[in-house]
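Throughout, residue positions are numbered sequentially from 1 according to the sequence presented. The basis for the numbers below is simple: all heavy atoms, side chains too, and nothing from hydrogens, waters or symmetry mates.
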Amino acid sequence: MRLDKFLKVCGIIKRRTISQEVIELGGVTKNGRTLKPSYDVKMGDILTIKMKNETVTIKVTALPEKNEKGNYFEIYRGDKN
């Protein structure tokens, strides 16, 4: 599933156009690399999302079937060593 659509379906960002804008402005990264809206999200991806007042890191735990809303990620806190 495309990154822009994933963020919308998961409810992280409410509108797909806003999601596209955030991504294009460099607001979503994976391993320090800026992603594009067309990036194909995979299970296990760890994404860092920079929003207005906060930065959140998520781990993708499942991929949505079609446009079904649900819980497809968990807040990622890194390895607890």
Side-chain angles (χ1 to χ4, degrees):
M1 174 173 279
R2 288 175 54 106
L3 178 58
D4 56 347
K5 189 171 183 180
F6 178 81
L7 295 176
K8 185 230 181 253
V9 171
C10 289
I12 295 171
I13 299 177
K14 296 195 183 238
R15 294 192 178 109
R16 190 168 175 180
T17 54
I18 302 298
S19 176
Q20 290 170 341
E21 289 176 11
V22 168
I23 297 165
E24 288 171 355
L25 291 172
V28 181
T29 58
K30 177 183 173 187
N31 298 329
R33 298 180 67 196
T34 303
L35 300 176
K36 294 185 177 184
S38 62
Y39 172 77
D40 188 29
V41 177
K42 298 166 204 66
M43 281 185 43
D45 279 352
I46 297 172
L47 308 172
T48 302
I49 305 157
K50 297 175 188 171
M51 294 183 269
K52 244 184 196 180
N53 300 322
E54 64 181 322
T55 299
V56 67
T57 301
I58 64 167
K59 181 176 182 181
V60 178
T61 57
L63 294 175
E65 294 288 327
K66 300 182 183 177
N67 287 331
E68 296 176 17
K69 294 194 183 252
N71 190 13
Y72 301 106
F73 67 92
E74 60 186 30
I75 303 297
Y76 183 75
R77 302 198 192 300
D79 295 315
K80 296 177 182 171
N81 293 332

| query | Are the side chains of I58 and I75 in touch, meaning some heavy atoms are under 4.5 Å apart? | reply | yes
| field | Heavy-atom neighbours of K14 NZ exceed 12 at 6.0 Å | value | no
| query | Given the rule in the side chain to side chain contact (heavy atoms under 4.5 Å, CB included) test, do L47 and F73 qualify, once you have shown the distances and angles that lead to the verdict? | reply | CA-CA 10 Å; L47 308 172; F73 67 92; over 6 Å; no
| remark: Distance col, row T57:OG1 vs K50:NZ, nearest 0.5 angstrom, shows 10.0 Å
| task | Heavy atoms only: give me the nearest F6-A62 pair and the separation to one decimal. | result | CE1-O, 4.0 Å
| note | Shortest non-hydrogen pair, L3 vs V41, comes out as CA-CG2, 3.6 Å
| request: Check whether V56 and V28 end up in the same hydrophobic cluster, where Ile, Leu, Val, Met, Phe, Trp and Tyr are linked by side-chain heavy atoms less than 4.5 Å apart. | output: yes
| said: Quick one about N67 and K8 (side-chain donor to acceptor, distance below 3.5 Å, no hydrogens or angles considered), yes or no? | reply: no
| Is a side-chain donor or acceptor of T61 paired with a backbone partner of Y72 at a separation under 3.5 angstrom? | yes
| query | Which residues satisfy the salt bridge (charged side-chain N to carboxylate O under 4.0 Å, His left out) test with K30, sequence neighbours excluded? | reply | D45
| Which atoms form the tightest heavy-atom contact between V9 and E68, and what is the distance? | CG1-O, 3.4 Å
| query | Rounded to the nearest 0.5 Å, how far does CD1 of I12 lie from CE of M51? | reply | 7.0 Å
| task | Identify the two heavy atoms, one from M43 and one from L63, that lie closest to each other, and give their separation to 0.1 Å. | result | CG-CG, 4.1 Å
| request: Could you pull out all residues at least two apart from R15 that satisfy side-chain hydrogen bond (donor to acceptor under 3.5 Å, both in side chains)? | output: none
| query | Under a 4.5 Å cut-off applied to non-hydrogen side-chain atoms, are K42 and V60 in contact? | reply | no
| said: Does any part of the side chain of V22, heavy atoms only, come nearer than 4.5 Å to the side chain of L7, both counted from C-beta? | reply: no
| Student check: side-chain heavy atoms of I23 and Y39 closer than 4.5 Å | no
| note | dist L35:CG -> D4:CG (nearest 0.5 Å) comes out at 11.5 Å
| query | Quick check: does any side chain N or O of D40 sit under 3.5 Å from a backbone N or O of M1, one acting as donor and the other as acceptor? | reply | yes
